Number of protein chains: 2
Amino acid sequence: MARPRKPLLSRERIVTAALALVDAEGLQAVSTRRLAAELGVSGPSLYNHFPTKDEILDAVADTVVAEVDLSMFDAGRDGPDHWRPALLAWARSYRAALTAHPHIVPLLAQGPGRRPTGLRMADAVFGAMVRAGWPPAHATRVGALMRYFVAGSALGSFARGFVDDPRAYDPAAYPHLGQAHLLAERQQQVDEGAFETGLTALLDGLELQFQRLS
Amino acid sequence: MARPRKPLLSRERIVTAALALVDAEGLQAVSTRRLAAELGVSGPSLYNHFPTKDEILDAVADTVVAEVDLSMFDAGRDGPDHWRPALLAWARSYRAALTAHPHIVPLLAQGPGRRPTGLRMADAVFGAMVRAGWPPAHATRVGALMRYFVAGSALGSFARGFVDDPRAYDPAAYPHLGQAHLLAERQQQVDEGAFETGLTALLDGLELQFQRLS
DNA sequence: ACCTGAACACCGTTCAAGT
DNA sequence: ACCTGAACACCGTTCAAGT
């Protein structure tokens, strides 16, 4: 079989298979040969659809960010009281999209870059903040700092860092972390709690700044 | 030359060289062969000092986190008014350590894990918050959410994401980002501003919560 | 246009051999 | 104990060859 009359691959099929592989086995499991095998083709076939492996992973990251709900930034329900609930809903949707695919979060490191959905997201947040009354320079910062917090919460899940093995912790070395190994069990609660606590603090603090501006 | 009478390598030399290579050329530049060449030895020599390449990079990450100042959490100057300036100073030192070595930030994804300095840091923050009057469950969250924000700010530097090429941005597609390409130039200012704005908001918000608790 | 196998330079890691 | 070269299985990518 050289060229089939109907293409075996498409960019979409490749991205879908790559995301499934990343979710199931992590980033390191994605090699061009392995991914191609998963799709029933040979390694080099991928290069008919993407110039490099990195661009495949870029497209995967874009797919994940595309899952983020941005409808709360739609023009129409603007007003000076809408920016807070909009940021809140956006942050939760953003975090949900990332924690659904935790293995690609480190890949988001490059920032929005040339990825279209990342740019669309930045544009939506910025536009809504300006319409709500934030000065443009502040609107840029608000979008950025919210992104920092959400990405950080999805990236370095604090609790996941503690392995589930009491022997890893010398109580003499870390006097306050005696029960740290328990954190692995309650991972999700701790993460969720820290995220919600931080989100509330962030929005409370931004509200103070917003009031000072007007 | 088989075995020299004085060892050519040490864990410390390896880690130092690896960090220099990461800083200069990024994570992908670090291969065992390349790193060994940089140290004047052959590839497999590294395995006399580290069991895997991943553990070398773990040690590199640990080195970077070790640069974070924790002295503001020392017992003695506790009191209910000290936790805020302590968190502020720590966050700035933490961010400075990470932005000095931006290429290893995605590596911190695994969280503190078994890395001793990450655990020491978590322990110091937690202990100081509890001594300042935060209930333990809240102290855990405060340490985690601050880490989220700092790691996120170092990871996905918002501005770095915008490439310095006006042609990458179709003004029709991103109506609010017409000047986005300019962001690449002002990268540091935007990042710094967003970080400081977010940090103030976060601490203002935490102060509100702290008052509510007492 | 879109797939294939062969090939290239390069990986991380193992291991027997040297001192 | 600590280094070496050879070797293994595996990479990302290129390319000529097939239809």
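Note that the coordinates shown come from a computational prediction; the quantities given were computed from them, not determined experimentally. Basis for what follows: all heavy atoms, side chains included, without hydrogens, waters or symmetry-related copies. To find a chain, count down the sequence lines: A is the first, B the second, and so on, and within it residues start at 1.
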Check: For Glu55(A) and dG12(D), what is the distance between atoms CD and P respectively, to the nearest whole Å?
Finding: 15 Å

Margin query: Tell me if the CD atom of Glu12(A) is crowded by more than 12 foreign heavy atoms within 6.0 Å.
Written below: no

Next item on the list: With a 3.5 angstrom cut-off on both distances, give the Watson-Crick or G-U wobble partner of dC8(D), or none if there isn't one.
Entry: dG12(C)

Item checked: Spacing of Leu27(B) atom CG relative to dG12(C) atom C1', expressed in whole Å -> 16 Å

Notebook entry, point to check: Paired with dC3(D) by Watson-Crick or G-U wobble geometry, both distances under 3.5 Å: which nucleotide is it?
Noted result: none

Check: Atom CG of Asp54(A) to atom C1' of dT13(D): distance rounded to whole Å?
Finding: 12 Å

Next item on the list: May I ask you to list the residues of residues 31-52 of chain B, by number, that have any heavy atom positioned under 4.0 Å from an atom of DNA chain D?
Entry: Arg33(B), Val41(B), Ser42(B), Pro44(B), Ser45(B), Asn48(B), His49(B)

Checklist line | Interatomic distance where CD1 belongs to Ile14(A) and C1' belongs to dC2(C) [whole Å] | finding: 11 Å

Next item on the list: Give a yes or no answer on whether the side chain of Ser153(B) reaches the backbone of Val150(B) with a donor-acceptor pair at less than 3.5 Å.
Entry: yes

Notebook entry, point to check: Between Gln28(B) (CD) and dG12(C) (C1'), how many Å, whole number?
Noted result: 17 Å

Next item on the list: Classify the ring geometry between Phe149(A) and Phe195(A) as parallel (under 30°), tilted (30 to 60°) or perpendicular (over 60°).
Entry: parallel

Notebook entry, point to check: Ion pair present between Arg11(B) and Glu55(B), side-chain N to carboxylate O less than 4.0 angstrom?
Noted result: no

Check: Can you find a pair of side-chain heavy atoms, one from Met72(A) and one from Pro85(A), that are under 4.5 Å apart?
Finding: no

Check: In whole angstrom, what separates Leu8(B)'s CG from dC3(D)'s P?
Finding: 5 Å

Notebook entry, point to check: For the pair made of NZ in Lys53(A) and P in dT13(D), what is the distance, rounded to whole Å?
Noted result: 8 Å

Item checked: Distance in angstrom units between Leu57(A) CG and dC11(D) C1', rounded -> 14 Å

Checklist line | Test item: Thr197(B) side-chain N/O and Gly193(B) main-chain N/O as donor-acceptor pair under 3.5 Å | finding: yes

